[in-house]
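Scroll down for the structure; my scribbles are underneath it.
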Amino acid sequence: TFSTSGTLVREELSNLPSSISVLNQEFLQDIGSVNIFEASRYATGGEFGQVNDTNFFFRGIQNNWQARNFFIWYLPTDQFSVERLEVVRGPNALLYGDAQPGGLMNIISKRANVTRDANTARVMIGSWDRYRAEADVNRTLIPNKLAARVNVAWQKSGDWRDFRYDNFRGANATVQWNPLPDTRLRFEGEAGRIDRNQGHGIFTDNFSATATQATPAAQSWVAVRGNLAQLTGAAAVRSTGSTLLLTNNSPVARTRQFTGNDAFVDRSYTQYAAYLEQTLFQKLNLEAAFNVQDQQNRTLVFTGANALRRDLAPTTATGTANPMLNQFYVDRAVAVQNISNRTTDVRLSGVYELEIPSITTQRLIAFWSQRTDLFDAQNFQERRTANLNQQVFRRHYVADYSAADLAWSPLGGATRLFGTGFWADNEQTLTARSVAAVGSYLKGRVRSLVGYRRDKWEVLRGNPANGGVVTAQ
């Protein structure tokens, strides 16, 4: 088995002083996975975190990004454009730029093949209204010199829980041009979109304890069946519990999702890259590459939608007897977020193979990279129009559970979406330089990796809500 994750050039795993697992294309097809999260179940020491589309845990340490062709990768990774996955366990920033100490997944994208034409199609049909189609077409335009490859994917998927769905569509195109025997040029571009309602997690017990508590003042403005009022006095009494997960269907079925039809997590992205590789004297491999990725994320989610409570308030906000006494409910709050991110990467690298007969074989690596991130975020909450400092919660009873009851929109002129204090407008640049040597001694019985790395990190942070800008280096 070969990997490029140890020395930036193709190398047998047994020759690398790192812990690396490779999930190749044949294996990925055999297990029928469609994204890196499904595939990660078969990767030693790594598991996905279900926070976003790039979140993994390696050896128990969270990593919020992965790498694709050695560039940092913040974008979703559907498998339609993936050739193989290389799971690098342990510290690896010497070769990758910035990474967590637990490890990193390096994604190798599909590339055009200059030696043969190929056509592949795959169709999947599964439970819970899951439908998926993929097509992969490779064409040799000039044998051994020029080829193009196009991959497309479409997916529509439901869920065993109410209202949830996970839809995807994407396209990837790549061109390989070898103008000279030792010169290789590669271009690639990808665009995709995810439309998803990810619902909420397992219900938690906030009702079983005998003790009660008063509804916190910050959560006291509650809309019940469309009527907005402040809960005070006896109307503010609420139940408490162990907050443990409810692993059975009592008192509410696990299929139910109090996010309703209106929740969404939508991500659209584009990416393009170019790579120039040159081999000199059969010993020196040089590469110049750049990568640009853009993404737009829009989310509308409901916080608190899985915290199940029992209504123990004897009266309503108007002082009348509570008709829903002892009924189960959730109080949820809407959170809207708009995020945009543009990342530009440039990389120069060189690998020289040095052999001293009967003593050692060394791969000498020099690496320089610069990455610039532009990040904008806007957050909104539902607030009272009369006092924008007061957040509004919606109460939904289990007895009223329906798509119509869970539908969300501002309450006429009584509430509106209001931007919260977290508004970000950030720019950061990371410049990394490293040199390393991967050595082999005693006919491969002893291997080593030594190196030196230096980083420079520049950050501009701004908050348009207050006009403040902070510069850090």
Side-chain angles (χ1 to χ4, degrees), residues 1-20 22 24 67-71 83-84 86 88 90-97 99 104 106-109 111-115 142-147 174-188 273-291 345-370 431-454:
T1 304
F2 292 86
S3 169
T4 57
S5 289
T7 60
L8 303 178
V9 295
R10 182 177 170 87
E11 181 63 276
E12 290 190 26
L13 286 181
S14 59
N15 293 338
L16 299 175
S18 303
S19 182
I20 302 174
V22 176
N24 59 25
R68 174 154 150 161
N69 301 324
F70 305 106
F71 285 120
E83 183 65 30
R84 69 180 183 274
E86 300 182 345
V88 187
N92 47 66
L94 184 63
L95 296 177
Y96 283 94
L104 186 76
N106 184 38
I107 303 155
I108 305 300
S109 61
R111 304 177 183 185
N113 191 327
V114 298
T115 63
I142 302 176
N144 299 313
K145 283 187 175 293
L146 182 63
T174 180
V175 174
Q176 180 74 40
W177 179 35
N178 303 334
L180 299 171
D182 293 325
T183 304
R184 298 166 296 280
L185 274 167
R186 178 163 57 91
F187 305 92
E188 70 171 16
Y275 306 82
L276 171 61
E277 299 173 359
Q278 179 69 50
T279 301
L280 299 174
F281 317 115
Q282 299 182 336
K283 294 286 187 179
L284 178 61
N285 295 281
L286 303 175
E287 183 200 54
F290 79 89
N291 180 73
D345 262 308
V346 180
R347 180 178 72 224
L348 301 174
S349 63
V351 180
Y352 182 74
E353 299 183 35
L354 174 65
E355 183 175 356
I356 303 176
S358 303
I359 299 178
T360 183
T361 299
Q362 297 281 334
R363 284 200 167 175
L364 308 178
I365 303 166
F367 183 92
W368 176 91
S369 68
Q370 186 173 83
T431 303
R433 307 169 185 85
S434 65
V435 291
V438 178
S440 173
Y441 314 86
L442 302 176
K443 297 182 179 181
R445 295 184 180 90
V446 178
R447 302 190 183 277
S448 65
L449 171 61
V450 295
Y452 170 81
R453 173 185 166 87
R454 182 177 176 86

- Report the distance from atom CD1 of Ile108 to atom CG of Asn24, rounding to the nearest 0.5 Å. 12.5 Å

- Item | Residues which pass side-chain hydrogen bond (donor to acceptor under 3.5 Å, both in side chains) with Tyr352, listed by chain and number, not counting sequence neighbours | none

- Query: Between atom OG1 of Thr360 and atom NZ of Lys443, what is the distance when rounded to the nearest 0.5 Å?
  - Reply: 14.5 Å

- Sorted by chain and number, sequence neighbours left out, side-chain hydrogen bond (donor to acceptor under 3.5 Å, both in side chains) with Ser109 holds for Asn69, Glu188

- Result for side chain to side chain contact (heavy atoms under 4.5 Å, CB included) between Arg84 and one of Asn106, Val22, Ile107 points to Val22

- Query: Out of curiosity, Phe187 CZ to Tyr275 OH, how far, rounded to the nearest 0.5 Å?
  - Reply: 12.0 Å

- Do Gln362 and Tyr441 have side-chain heavy atoms sitting under 4.5 Å apart? yes

- Rounded to the nearest 0.5 Å, how far does CZ of Phe70 lie from OG of Ser349? 8.5 Å

- Item | Contacts of type side-chain contact (heavy atoms from CB on, under 4.5 Å), residue Gln176, not counting sequence neighbours | Ala112, Val114, Asn178, Arg184, Arg186

- Query: Is Asp182 close to Leu180 at the side-chain level, that is, under 4.5 Å between some pair of heavy atoms?
  - Reply: no

- Message: I'd like to check Thr115 versus Asn144 (side-chain heavy atoms, cut-off strictly below 4.5 Å). Are they in contact?
- Response: yes

- Item | Pairing residues for Pro179 by the side-chain contact (heavy atoms from CB on, under 4.5 Å) criterion, not counting sequence neighbours | Trp177, Thr183

- Query: Less than 4.0 Å between a side-chain N and a carboxylate O, is that true for Glu287 and Arg347?
  - Reply: yes

- Query: Taking only residues two or more places apart in sequence, or in another chain, which ones meet Ser358 in a side-chain hydrogen bond (donor to acceptor under 3.5 Å, both in side chains)?
  - Reply: none

- Message: Run the side-chain contact (heavy atoms from CB on, under 4.5 Å) test on Leu348 and Leu286 for me, step by step, so that the C-alpha distance in whole Å, both residues' side-chain angles and the decisive distance to 0.1 Å come before the verdict.
- Response: CA-CA 8 Å; Leu348 301 174; Leu286 303 175; over 6 Å; no

- Note on the structure: side-chain contact (heavy atoms from CB on, under 4.5 Å) filter on Leu442, not counting sequence neighbours, yields Arg445, Val446

- Item | Whether Ser434 side chain and Tyr452 backbone form a donor-acceptor pair below 3.5 Å | no

